[in-house]
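Working notes for the structure below.
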Amino acid sequence: MPELPEVETIKRGLSELLPGRVIADVWHDWQKSFPNAPADVARFMVNAKIESVRRRAKVLIIELSSGYSLVIHLKMTGQLVFVNKNEQKLENSNKKLVNNINSQFLFSNSSREARFGGGHPTDSLINNLPDKSTRVVIDFQDDSKLFFNDQRKFGWMRLLPTIEVPQIDFMKKMGPEPLEDDFTVNKFINNILRRRQSAIKAVLLDQTVLAGVGNIYADESLWAAKIHPAIPAGQIPRTKLIKLYSELRRILTMAITKGGSTDRNYVDAKGKKGSYLTFAQVFRKENQPCPRCGTIIEKIRVAGRGTHICPKCQKMIYTRDIRS
DNA sequence: CACTTGACCTGTCCGC
DNA sequence: TGCGGACAGGTCAAGT
């Protein structure tokens, strides 16, 4: 769910809210989410000040004044929700007013629904925390709180010495970020072709090739570049890869300016369904017409993932390595 | 080594 | 209405 644009959006939000705040207490109930020893938490988190919030691919890094950092991966259902006590009081006394300001202190899939979708049931999220998905609560000295919620328990949070963060395994293996200035089209093509026999979609999802792309943006960029997701990477003409490079960067950049997307469908208070993938062209659009040619979009399975294609725009036409 | 599949979880949705 | 099962997707371990 959270891919690069979503994590970037969360990072930008937390960057405005957390730095300068001092941790008063930390509660956590779940070893997998937050396996650090209570003694370490007490020693390196309590009384520490938040210095900065950074992002590497889909990973958030909250740097503390103690020389330690919180490294956070939200995986599919993780949320980071910041709640300011004053706002909470306001919520209790004047619900309408708070609905309008929810977005400034909620950073989660639900908050994006709130922001882009208008009123809906999760407007009341702020009243319900902690809930049963809450794994970690960080209390600040000014009585504001940061909640880490994760329904499916795939996400995690680790407290590590800041200087060791780049050394941990999955950080070292991570490939380049698609939006970095020095990530050139040639680098992109060379990295793609490192996995010549794999389906192009599997390559885009491989974080050692390219860090930050997930299922939504893989489908969207392959549709934009008119490439079938199951084509072996090595069989794609160079001109198509150049197109894929520019479309991937364009779509990721656009998604960030829109504050990310969410694939959560929900039912609002009136039982009405809605989707908040406002700029998706194919993702979760199966059985709907392709925005480009009108052909009905199909959902198939590629690289073990649900995959959305226009069967006319994205044909399996390559049968040999035409680069050589 | 290259590449694919299944496990990790739980809430939701679909069909019977 | 309830119930079983498929499905969702990021990442890693285990498999071919």
Side-chain angles (χ1 to χ4, degrees), chain A residues 1-8 10 29-35 55-60 71-80 108-110 113 120-122 125 128 131-135 148-158 168-175 177-178 191-220 222 229-235 252 260-268 271-277 280 282-287 299-308 321:
Chain A
M1 248 183 263
E3 304 181 26
L4 190 152
E6 289 72 39
V7 180
E8 175 65 21
I10 294 167
D29 76 333
W30 186 43
Q31 285 300 305
K32 187 181 168 185
S33 286
F34 194 75
R55 178 188 65 77
R56 171 76 172 100
K58 302 172 188 172
V59 175
L60 282 167
V71 183
I72 304 164
H73 201 308
L74 299 173
K75 292 286 180 82
M76 261 93 71
T77 53
Q79 306 177 327
L80 284 172
S108 64
N109 292 323
S110 299
E113 288 171 3
H120 68 93
T122 55
L125 177 64
N128 300 334
D131 62 22
K132 63 179 176 179
S133 76
T134 300
R135 310 299 168 195
F148 174 44
N149 305 322
D150 187 17
Q151 195 172 80
R152 288 175 67 183
K153 303 183 181 177
F154 288 177
W156 46 259
M157 191 181 264
R158 300 268 189 289
I168 57 180
D169 241 22
F170 79 93
M171 294 291 268
K172 272 199 293 193
K173 285 190 295 190
M174 226 175 251
E177 303 239 356
N191 282 0
I192 290 286
L193 296 181
R194 267 169 49 202
R195 299 270 184 276
R196 298 167 49 92
Q197 306 306 320
S198 288
I200 181 64
K201 175 160 178 175
V203 181
L204 291 179
L205 295 177
D206 184 339
Q207 301 296 298
T208 71
V209 171
L210 200 61
V213 177
N215 211 34
I216 297 172
Y217 298 102
D219 279 8
E220 290 295 312
L222 288 167
I231 296 177
Q235 292 185 13
L252 289 173
S261 63
T262 168
D263 67 352
R264 291 277 280 285
N265 285 347
Y266 77 100
V267 178
D268 71 13
K272 192 178 159 193
K273 284 189 177 180
S275 164
Y276 288 87
L277 278 160
V282 287
F283 194 82
R284 292 268 172 100
K285 303 283 185 186
E286 60 268 32
N287 301 322
K299 185 172 183 185
I300 61 176
R301 227 167 162 78
V302 177
R305 290 280 170 268
T307 299
H308 308 77
D321 189 338

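To find a chain, count down the sequence lines: A is the first, B the second, and so on, and within it residues start at 1.
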Pick the closest DNA chain B nucleotide for Ala202(A) and for Arg135(A) by heavy atoms, then say which residue is nearer the 5' end. Ala202(A)
For the P atoms, the ones on dG5(C) and on dA7(B), what distance do you get once it is rounded to whole angstrom? 16 Å
If I pick the P atom on dT11(C) and the same atom on dC1(B), what distance separates them, to the nearest angstrom? 22 Å
Considering all heavy atoms, the nearest Val302(A)-Pro229(A) contact: CG1-O, 3.7 Å
Return the minimal non-hydrogen interatomic distance between Met174(A) and Arg56(A), and the atom names on each side. O-NH2, 3.4 Å
Find the distance [X]:[atom1] to [N]:[atom2] and express it as a whole number of Å.
X	N	atom1	atom2	result
Ile192(A)	dC3(B)	CD1	P	12 Å
Asp206(A)	dC3(B)	CG	P	10 Å
Arg284(A)	dC7(C)	CZ	P	13 Å
Gln151(A)	dC7(C)	CD	P	19 Å
Arg196(A)	dA2(B)	CZ	C1'	13 Å
Gln197(A)	dC1(B)	CD	P	17 Å
Gln79(A)	dC9(B)	CD	P	19 Å
Arg194(A)	dC3(B)	CZ	P	11 Å

Between dT10(B) and Thr77(A), is there an OP1 or OP2 to side-chain N/O distance shorter than 4.0 Å? no
Can you check whether Thr77(A)'s main-chain N or O pairs, donor with acceptor, with Gln79(A)'s side chain at less than 3.5 Å? no
So, the side chain of His73(A) versus the backbone of Trp156(A): is there a donor-acceptor pair under 3.5 Å, distance only? no
Results of side chain to side chain donor-acceptor pair (under 3.5 Å) for Lys201(A) - residues two or more places apart only: Asn215(A), Asp219(A), Thr307(A)
Quick one: side chain to side chain donor-acceptor pair (under 3.5 Å) partners of Gln197(A), sequence neighbours excluded? none
With sequence neighbours excluded, tell me which residues meet salt bridge (charged side-chain N to carboxylate O under 4.0 Å, His left out) with Arg55(A). Glu8(A), Glu177(A)
For Phe34(A), which residues count as a ring-ring contact (aromatic ring centres under 6.0 Å, His included) partner, sequence neighbours excluded? His28(A)
So, are Arg195(A) and Asp206(A) salt-bridged, with charged N and O less than 4.0 Å apart? yes
I want to verify a distance call: between dG10(C), dG11(B), dC3(B), whose nearest atom is closest to the Lys132(A) side chain? dG11(B)
Whether each nucleotide of nucleotides 11-16 of chain C has a protein heavy atom under 4.0 Å at its base (B), only at its sugar-phosphate (S) or at neither (-) is summarised, 5' to 3', as BS----
So what stems show up for DNA chain C if we need 3 or more Watson-Crick or G-U pairs in a row, all under 3.5 Å? B:2-8 with C:10-16, B:10-16 with C:2-8
